[in-house]
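In the text below, chain A, chain B and the rest are named by the order of the sequence lines, each starting its count at 1. These numbers were taken from a predicted model, which means no experiment stands behind them.
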Amino acid sequence: MEIYDELVARGLIAQVTNEKEIRDLVNNGKATFYIGFDPTADSLHVGHFMALCLMKRLQMAGNKPVVLIGGGTAYVGDPSGRTDMRSMMTPETIQHNCDCFKKQMERFIEFGEDKAIMVNNADWLLKLNYIDLLREVGPCFSVNNMLRAECYKQRMEKGLSFLEFNYMIMQSYDFYHLYQNYGCNMQFGGNDQWSNMLGGTELIRRKLDKDAYAMTITLLLNSEGKKMGKTASGAVWLDPNKTSPFEFFQYWRNVGDDDVLKCIRMLTFLPLEQIDEMDKWEGSKLNEAKEILAYELTSLVHGEEEANKARTASHALFAGGGDDSNMPTTEFTSDQLTDGAIGVLDLMMACGLCKTKSEARRLVQQGGVSVDGEKVASIDVKITEDQLKNSIKIRKGKKVYHKALMK
RNA sequence: GGGGGAAUUCCCGAGUGGCCAAAGGGGACAGACUGUAAAUCUGCUAGCUAUGCUUUCGGUGGUUCGAAUCCACCUUCCCCCA
């Protein structure tokens, strides 16, 4: 199967400017394409991962990827799909984030001569002169059109600053710049970038009378229409220090039934035939598919060794195995104990299972805490030094386990 | 530049002197049921040395026995007119 059809079959393509031309370009390895990454945090997340995978797929088909880091656009801030203004980032933060991005990306994409290249739009955007820019590209943008753009819709109600309004122009300028300097004829991005990307193709057409193409990647939404890769405490990060491989594994292990196959199709590199086979699985058999998804992704992001560890830990907890070697652990010293014992509430705090004592109290009162398999009946329960010497397993809710022992 | 309005807890949003740690909804968390899923039902959602105390309604001062609520100034945002 040719690459374009595979992308379609995997459900990765959301919108394209010219299907026929794009199909021809990517299938024949004639595309030099770029994807922009805005360094808004110090780690990549799942959305970025999807884009990187797409790059890899296209690279394998002979196309040339250009990774663009938005070190310049970060000074402006993309308002697309947001309900309120991004807080302005300091140049130091932007630089730091760019560095973090670079490091992580090198794990996925091969850079070098004839391979992928990486550019930073700070290199050209920061040098622009306001009047020159206005005269150069200003006439090519219709404010009427821009105001109609989907990406500003939410902001038309809440307010959109001129700073952010310019984001589209900056991104369009990037494409224009890359087209001229790197022969970049195609742009990919999240579906929320559609209007920004069209701005670029339009600019190239008007300024250079040349065709450039744009294609967007389907946003990974769950069956409820919410963005995937987000948890209550924020994004699912690729940086193991921000989201541990085990947490990462568990995130995918716990996706809803309706979302498993979609995720496998879009995110993994498993062959389509195998995926179609899994598509027939139903009911509790789907649990196997979830584990495959979790394993595949953890392996891609953190490597096979970490994926194995995460899977073992997961089995140990949920399938009743005795292996607790990968369980998060807290060690206690005797000066943390009073009269050779510690109250459950303090214990939970010390293990980082709760942020406050009230939270710990609530959990115990609602029967959500157990120690070594036995429900903690009262908030007055104490754990003795002898128990800690043997090490105990604390379970909070259904899925959170922690080991505590004496040093 | 002129006029009008808004800011409440994780989010939306009620509250216009004491009965307010603050209705209702969402989310999150926990329990039951399950397949580490979904749906449903129940509980719970500022903190603490806990029948009490402390901090919280954009910020700073003030009025009052008592302020989310009244007054003054400031900050941010929205709408209308130019």
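- The side chain of Ser358(A) lies closest to rC48(B), out of rU36(B), rC48(B), rG31(B).
- Closest heavy-atom contact between Leu221(A) and Met228(A): C-CG, 3.8 Å.
- The heavy-atom pair separating Met50(A) from Thr218(A) by the smallest distance is CE-O, 3.4 Å.
- Remark: Arg311(A) fails to qualify as a cation-pi partner of Phe249(A) under the 6.0 Å distance and 45° angle criteria applied to the six-membered ring.
- Base pairing analysis places rC20(B) opposite nothing; no Watson-Crick or G-U wobble pair with both distances below 3.5 Å involves it.
- Among rG35(B), rC48(B), rU36(B), the nucleotide with an atom closest to any side-chain atom of Ser284(A) is rG35(B).
- Relative to the side chain of Asp257(A), the nucleotides rU34(B), rG35(B), rG47(B) differ in distance, and rG35(B) lies closest.
- Taking atom C1' in both rA23(B) and rU40(B), one finds a spacing of 25 Å when rounded to whole Å.
- Donor-acceptor pairing under 3.5 Å, judged by distance alone, is present between the side chain of Ser314(A) and the base of rU36(B).
- Nearest to the side chain of Leu363(A), among rG35(B), rC29(B), rA37(B), sits rC29(B).
- Across the protein-nucleic acid pair, Gln366(A) atom CD and rC29(B) atom P stand 13 Å apart, rounded to whole Å.
- In summary, of the residues considered (Tyr179(A), Phe188(A), Phe175(A)), a ring pair (Phe, Tyr, Trp, His ring centres under 6.0 Å) with Tyr34(A) occurs for Phe175(A) alone.
- Of the P atoms belonging to rC70(B) and rG17(B), the separation is 8 Å, rounded to the nearest Å.
- What separates CH2 of Trp281(A) from P of rG35(B) is a distance of 18 Å, to the nearest Å.
- When rounded to the nearest whole Å, the span between CD1 of Ile379(A) and C1' of rA30(B) equals 16 Å.
- Set against rC29(B), rG35(B), rA37(B), the side chain of Lys399(A) has rA37(B) as its closest nucleotide.
- Base engagement by Lys290(A) is indicated by at least one non-hydrogen atom pair under 4.0 Å involving a base atom.
- Toward the 5' end of RNA chain B, the nearer of the two residues Gly283(A) and Glu359(A), judged by each one's closest nucleotide, is Gly283(A).
- If you check every strand for non-hydrogen atoms under 4.0 Å, Gln250(A) touches a base.
- Of the P atoms belonging to rA37(B) and rA30(B), the separation is 11 Å, rounded to the nearest Å.
- Note on ring orientation: taking the six-membered ring where Trp is involved, the planes of Phe101(A) and His48(A) are perpendicular (angle over 60°, cut-offs 30° and 60°).
- When the side-chain nitrogen and oxygen atoms of Arg395(A) are compared with OP1 and OP2 of rA30(B), none of them lie within a distance under 4.0 Å.
- Applying the side chain to side chain donor-acceptor pair (under 3.5 Å) test to residues at least two apart or on different chains, none of the pairs has a partner in residues 364-374 of chain A.
- Comparing rA32(B), rC48(B), rG35(B) against the side chain of Lys357(A) picks out rC48(B) as the nearest.
- Rounded to the nearest Å, the gap between the P atom of rA22(B) and that of rG47(B) is 13 Å.
- The CD-P distance, from Glu291(A) to rA37(B), rounds to 14 Å in whole Å.
- Counting non-hydrogen atoms under 4.0 angstrom, Arg253(A) reaches a base of the nucleic acid.
- Nucleotide rA30(B) holds its P atom 10 Å from the CE atom of Met348(A), rounded to whole Å.
- Using cut-offs of 30° and 60° on the angle between ring planes, the pair Phe165(A) and Phe162(A) is tilted.
- Nucleotide rA37(B) holds its P atom 18 Å from the CD1 atom of Ile292(A), rounded to whole Å.
- Comparing rG15(B) with rG24(B), their C1' atoms sit 12 Å apart, to the nearest whole Å.
- Pairing partner, rG47(B): rC53(B), with both Watson-Crick or wobble hydrogen-bond distances short of 3.5 Å.
- Under the Watson-Crick or G-U wobble criterion, with both distances below 3.5 Å, rG58(B) is paired with rC74(B).
- In this structure, Arg362(A) atom CZ and rA30(B) atom P are separated by 12 Å, rounded to whole Å.
- Counting non-hydrogen atoms under 4.0 angstrom, Val369(A) reaches nothing in the nucleic acid.
- Using Watson-Crick or G-U wobble geometry with both donor-acceptor distances under 3.5 Å, rU40(B) finds its partner in rA32(B).
- Across all strands shown, the partner of rG1(B) is rC81(B), judged by Watson-Crick or G-U wobble contacts whose two distances both fall under 3.5 Å.
- The distance from atom NE2 of His315(A) to atom P of rG35(B) is 17 Å, rounded to the nearest whole Å.
- Positionally, the nearest nucleotide of RNA chain B for Val255(A) lies more toward the 5' end than for the other of Met349(A) and Val255(A).
- If you take atom P in rU55(B) and the same atom in rA21(B), they sit 13 Å apart, rounded to whole Å.
- Enclosure of atom CG in Asp339(A) is not indicated, since only 12 or fewer non-hydrogen atoms of other residues, nucleotides or ligands lie within 6.0 angstrom.
- Taking atom C1' on both nucleotides, rC19(B) is separated from rC74(B) by 34 Å, rounded to a whole Å.
- Taking atom P in both rU34(B) and rU45(B), the straight-line distance is 28 Å, to the nearest Å.
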